[in-house]
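Heads up, the thing below is written out as structure tokens.
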Amino acid sequence: MSQPLLFQSSDQATERITLFADVILPLPLPKLYTYRVPFDMNDDIFVGTRVIVQFGAKKILSCIVADVHETPPAGYQAKYILEIIDEKPVVTPQQLKIFNWIAEYYMCTIGEVINAALPSALKLSSESRIQLHPQFNAEYPVYPLSPAEEKIVFALGQNKTLTFTEVGNLLQINHFHKIIKSLIQKEVIIIFEEIADKYTPKVVKKLRLSPNFVHEAEMLEELMNQLAVRPKQLDVVLHYLQKVPVHQNVHLNEKGVDKNILTSNPHLSLSSINALIKKGILEQFETIVSRFPVDDTKPIPAFNLSEHQIAARDEILNLFGSKDIVLLHGITGSGKTEVYIDLIKKAMEGGGQVLYLLPEIALTAQIVTRLIKVFGNRLGVYHSKFSDNERVEVWNGILSGRFSVVIGVRSAIFLPFYNLSLIIVDEEHESSYKQYEPAPRYNAREVALMLATYHKCKTLLGSATPAVETYYNAKTGRWGLVTMNKRFGQAGLPDIELVDTRRESQKKTMHSHFSQKLLAMIESKLKKEEQVILFQNRRGYAPYINCHDCDWIPKCKNCAVSLSYHKYNRELRCHYCGYHETMPHECPACGSAMIKTVGFGTEKIEDELKLLLPEANIQRMDLDTTRSKNSYQQIIADFEANNTNVLVGTQMVTKGLDFENVSLVGIINADSIINYPDYRAHERAYQMFVQVSGRAGRKGKKGLVIIQTGNPSQGIFQKVMENDYMALYEHEIQERRKFNFPPFMRVIKVTVKHVDEKLNEQAAALLAKEFTDRLPNNQVLGPEVPYIFKIRNYFLSEIHIKLDREHTSLKSAKLVIADAINQIKFNKDFRNIRVVVDVDPV
DNA sequence: AGCACGCCGACT
DNA sequence: GTCGGCGTGCTC
């Protein structure tokens, strides 16, 4: 790693060079801002450190130093940097390069990238607070105060300072701004900005013997004699000495013992412990500890790779000799994870860092536990459900070299690696690697590849069902390709059976959403005490409800969608903006009580199955049941412990989980997965079917998959049942070529939003025309009104630009697009349009 | 992104 | 006649 630039050595400090720093503010601003470095900070300012500046009239913010130079800005007076937060950079030079690349490639600002990249505890921002005016005398106010003002003055007397939100809570009203204004005028209070450090280290209370008793052996002995009359206290000291053998090594006493080890011991009395502290025999102190417990005792256990795994690993290593990127195409259950682990070990032996990316829903406790067993405390985990303090510790742990492997979700690509030697992108085809809202709309897989080129390291992409673009690159020889098509262990691939729900409906053998066949199989598996997973790719109870008499359908008032019915709280809810209302008892349009639900989600499946199989223990796992960290763990633990017989869920049940006792997987409604208006619909459906099927029958037992569909003759099922990825790929790549989709063209989606439908339409049409005129060698499609044409009261139009790389440079095309968008805002009718650019949308 | 300045409707 | 709505423009 290159060292942070020292711009001036301390012995030259007397020369008083005037320095300026260009900083990146964590805001969507198009450029950097230049601040002046106070002379006394000249020796401490480095690229990548955080500094505190005032931005605007009052806001105080932390930002990242991107450059330090001696060029005074022209045309304005630079403000001074107020403070330098970090002694050493928290952002590495490689990161700044990558961040700039992301901003350019995904057409957003560097500030937006920084904002997404830094854990929020590293982003400090001031908050306005009020306190009493130093000259204010509560006994003799100069001006009379209103009751509300009195209340604030009283609270300030107690609390010294208040934030605006605290004032709001205190007065129980929203319009408190004028009250504050009035208090300032009356010179009762003053406003100031306070910036608080958000990262709080974890502190534990510890106990040790007072130094008096350990310096000399006699003292300790004497203490024991003294305590002979206090057997309970003696007991505590003896326990302490057992944990900390001070008599063997005096220096052990310094580190003491965790207080709760003594206090939580049921054989020791709390009051005796406190008495010893009071008497000064024990001394209490605090230390800062890691949130990731250090455990050096675990050796890296050896495990044996199978013949096929060794072959795959060697092939990958061999290909890395000539290629920087290798695709590992391994069927579900072929044991890709062990290959990854082996490669990670090898990379670590060379002293490099490793990044192992997984999609959010695949980063489960199961995989983490497995990796901890191998890598112990050298493994950092970066997950969105982690607290901010934990994220900061991972961030710092990488900077300090404590962690050399990180397993993480897409945002882990932002971490401050300085010496990557391997990146693994598992489930490479997953669309959740792409962030859609807010900017940066990046794809972590693509950023990972760029990260690898900056670090000159290798990338391994892994999937059972690679994205068509990825496979194309591998097949054409640009990237390496390694295939694993044997399942690890004895188990073969599961049997897959189709059930024609349309025919069963005609025969009247459907039990609501369950075919005769599926229901019978569930019952038979449960009888054998085996477990079942049911997959339904839609949460809630029903996607909409409908009045039987007048056809009324409740719609969201902010979005062009019908409201989904959630039964557990009798609520109608919009999945786009969160708007919700209670489920009406009768139709508000005609008064009829005949309201029926249409379609179904996981909640309804769970509900109906409980009626059909009252004996079975059924659990549901979807976004609604896993909102909190523990609920997710609980559902998994219950299923693992066999307390649950049937698990009903969305995509969440399909990834990262291995359950040994699952012998049946049911896909309730395959058609809802296939019939999607998108060029990737088939690819995605195939990936999902294969992924779900992979949950059936691991470890020796052959599993069964039942797919329910109203149209079993569709070609995709044949490919799924025969596990024929190649057929899927060949079909898809031809379609892509024929209709000019990636990888043959680059797609940029431009969405125009406006509260006024007409203006939105006009602006989009104008923009599309501008694109067409200025990008003559490329295809501009639209504007089109999307299926959901209004979200959060904004009307939408979409323009798709397909860039032909043969004729246009991506870079210049993006400049043209950005310029056209800026141009259109000069027209004052269109000043209020919002334009969202999505590069490589998924 | 905030925040301040600035011009048009419903209240004392 | 004022308060206060949020449109618009700026922040080194």
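Just so it is clear: chains get the letters A, B, ... in the order the sequence lines come, proteins before strands, and each one is counted from 1. The figures here come from the full heavy-atom set of this structure, side chains too, leaving out hydrogens, waters and symmetry mates.
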Going by atom type alone, with no hydrogens or angles, which donor-acceptor pairs under 3.5 Å involve a side-chain atom of residues 782-791 of chain A and a protein atom two or more places apart or on another chain?
none

Worksheet item: Does any pair with a residue in residues 431-455 of chain A pass salt bridge (Lys or Arg N to Asp or Glu O under 4.0 Å), and if so which ones, sequence neighbours excluded?
Response: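 Passing the test, one end in residues 431-455 of chain A: A/Glu428-A/Arg445, A/Lys434-A/Asp838, A/Glu437-A/Arg441.
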Discussion item. Quick test of your reading: applying salt bridge (Lys or Arg N to Asp or Glu O under 4.0 Å), list the pairs with at least one residue in residues 793-803 of chain A, sequence neighbours left out, ordered by first then second residue.
Written reply: A/Lys749-A/Glu798
Practice prompt. Sort and list the pairs that fulfil side chain to side chain donor-acceptor pair (under 3.5 Å) and have at least one residue in residues 554-563 of chain A, not counting sequence neighbours.
Written response: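 Sorted pair list: A/Asn558-A/Asn793.
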Residues 142-150 of chain A, side-chain donor-acceptor partners within the protein, below 3.5 Å, at least two apart:
| residue | atom | partner | partner atom | Å |
| --- | --- | --- | --- | --- |
| A/Ser146 | OG | A/Glu149 | N | 3.2 |
| A/Glu149 | OE1 | A/Ser146 | N | 3.0 |
| A/Glu149 | OE1 | A/Lys186 | NZ | 2.8 |
| A/Glu149 | OE2 | A/Ser182 | OG | 2.4 |
| A/Glu149 | OE2 | A/Lys186 | NZ | 3.4 |

Aromatic ring centroids of [X] and [Y] under 6.0 Å?
X        : Y        : answer
A/His575 : A/His566 : yes
A/Phe55  : A/Tyr33  : yes
A/Tyr442 : A/Phe414 : yes

Discussion item. What residues from residues 109-117 of chain A pass a heavy-atom cutoff of under 4.0 Å to DNA chain B?
Written reply: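 Residues of residues 109-117 of chain A that come under 4.0 Å of DNA chain B do not exist, since none gets that close.
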Item to complete: Residues of residues 48-60 of chain A with any non-hydrogen atom less than 4.0 angstrom from an atom of DNA chain B: list those, numerically ordered, please.
Response: A/Lys58, A/Lys59
Under 4.0 Å, heavy atoms only, any strand: does [X] hit a base, just the sugar-phosphate, or nothing?
X       : answer
A/Tyr76 : base
A/Pro73 : nothing
A/Leu25 : nothing
A/Arg36 : nothing

Fill in: Leading and trailing nucleotides of DNA chain C with any atom under 4.0 Å from heavy atoms of chain A
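Under 4.0 Å from chain A, the extent on DNA chain C is C/dG4 to C/dC12.
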Worksheet item: Who are the side chain to side chain contact (heavy atoms under 4.5 Å, CB included) partners of A/Tyr632, not counting sequence neighbours?
Response: A/Thr364, A/Lys385, A/Met621, A/Thr626, A/Ile636, A/Leu657
Worksheet item: Can you list the residues that meet the side-chain hydrogen bond (donor to acceptor under 3.5 Å, both in side chains) rule with A/Ser400, with sequence neighbours excluded?
Response: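 Counting only residues at least two positions away or on another chain, A/Ser400 forms no side-chain hydrogen bond (donor to acceptor under 3.5 Å, both in side chains).
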Worksheet entry | Salt-bridge present (A/Arg291, A/Glu393; N to O < 4.0 Å) |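 A salt bridge is present here (some side-chain N lies under 4.0 Å from a carboxylate O).
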Worksheet item: Would you call A/Lys31 and A/Asp22 a salt bridge, using N to O less than 4.0 angstrom?
Response: no
Worksheet item: Using a heavy-atom cut-off of 4.0 Å to chain A, what are the terminal contacting nucleotides of DNA chain B, in 5' to 3' order?
Response: B/dA1 to B/dA4
Discussion item. Once ring pair (Phe, Tyr, Trp, His ring centres under 6.0 Å) is applied, do any residues pair with A/Phe164, and if so which ones, sequence neighbours excluded?
Written reply: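 Result, ring pair (Phe, Tyr, Trp, His ring centres under 6.0 Å) vs A/Phe164: A/His177.
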